[in-house]
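To start, the structure under review is shown below, and the notes come after it.
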Amino acid sequence: MVKEQVYDTPRLDTGQRTELLRRAYAAWFKGGGKEMPNAERSGVKVRLRLVYVVLHGAAGVLVVYRVRPDNLALRAMKRWPESVGK
């Protein structure tokens, strides 16, 4: 029987939050995103011990990336929790 790995919520300092946001911007444009994300509304959010990077555009949420707690990798979400998109 395989034991599940459980990771604590990463404690991110300002530099790590800035780096995650920079990487999210790069992933957005590399993936073919045309609209420029709004820098004032975009950011890193923690909900229910999970970390997300949310990029907002003029019309609303462009994309939400889930941050893996073990290696801080980003993964684009098709559906995200409603509280994250606000």
Side-chain angles (χ1 to χ4, degrees):
M1 179 190 255
V2 178
K3 182 180 176 185
E4 291 185 34
Q5 291 184 340
V6 178
Y7 297 98
D8 291 331
T9 303
R11 296 178 187 260
L12 302 172
D13 61 12
T14 306
Q16 289 173 319
R17 287 175 178 265
T18 304
E19 178 64 15
L20 285 173
L21 197 56
R22 185 198 64 78
R23 288 176 36 211
Y25 273 88
W28 168 249
F29 288 117
K30 186 176 180 180
K34 303 286 186 213
E35 186 177 347
M36 185 66 177
N38 184 343
E40 288 83 30
R41 295 195 60 210
S42 300
V44 178
K45 295 185 178 185
V46 179
R47 296 289 188 269
L48 300 174
R49 298 178 42 159
L50 300 174
V51 181
Y52 303 93
V53 180
V54 183
L55 297 182
H56 286 273
V61 176
L62 297 174
V63 67
V64 175
Y65 293 100
R66 168 86 158 63
V67 179
R68 288 191 47 166
D70 55 343
N71 60 4
L72 299 181
L74 298 175
R75 181 173 180 182
M77 299 185 72
K78 293 180 183 177
R79 295 183 315 259
W80 52 82
E82 187 177 319
S83 64
V84 173
K86 293 182 180 180

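Here, residue 1 is the first one in the sequence, and each next residue gets the next number. Note that these values count all heavy atoms, side chains included, but never hydrogens, waters or copies made by symmetry.
- Linking ILVMFWY residues whenever their side-chain heavy atoms come closer than 4.5 Å, directly or via other members, places Val63 and Leu21 in the same cluster.
- Residue Leu50 is not grouped with residue Val53 when hydrophobic side chains (ILVMFWY) are merged at heavy-atom distances under 4.5 angstrom, including chains of intermediate members.
- With a 4.5 Å cut-off on side-chain heavy atoms, Asn38 and Leu62 do not count as touching.
- The hydrophobic cluster containing Val44 does not contain Trp80, counting ILVMFWY residues as joined when their side-chain heavy atoms lie under 4.5 angstrom apart, directly or transitively.
- Trp28 contributes atom CH2, which lies 10.5 Å from atom OG of Ser42 (distance to the nearest 0.5 angstrom).
- A donor-acceptor contact shorter than 3.5 Å is absent between the side chain of Lys45 and the backbone of Tyr52.
- Side-chain contact check for Pro10 versus Leu72: some heavy-atom pair is nearer than 4.5 Å.
- Side-chain atoms of Leu74 and Arg66, non-hydrogen and from C-beta on, never get closer than 4.5 Å to each other.
- Using a 4.5 Å heavy-atom cutoff, the side chains of Phe29 and Pro37 are in contact.
- Residues Tyr65 and Leu55 have side chains in contact (heavy-atom distance under 4.5 Å, counting atoms from C-beta outward).
- Val84 and Val51 are not part of a single hydrophobic cluster, where members link through side-chain heavy atoms under 4.5 Å apart.
- Residue pairs meeting the side chain to side chain donor-acceptor pair (under 3.5 Å) criterion with at least one partner in residues 8-20, sequence neighbours excluded, are Glu19-Arg22.
- For Ala73, the side chain to side chain contact (heavy atoms under 4.5 Å, CB included) test picks out Arg68, Asn71, with sequence neighbours left out.
- With rounding to the nearest 0.5 angstrom, the CD atom of Glu82 is 14.0 Å from the CZ atom of Arg79.
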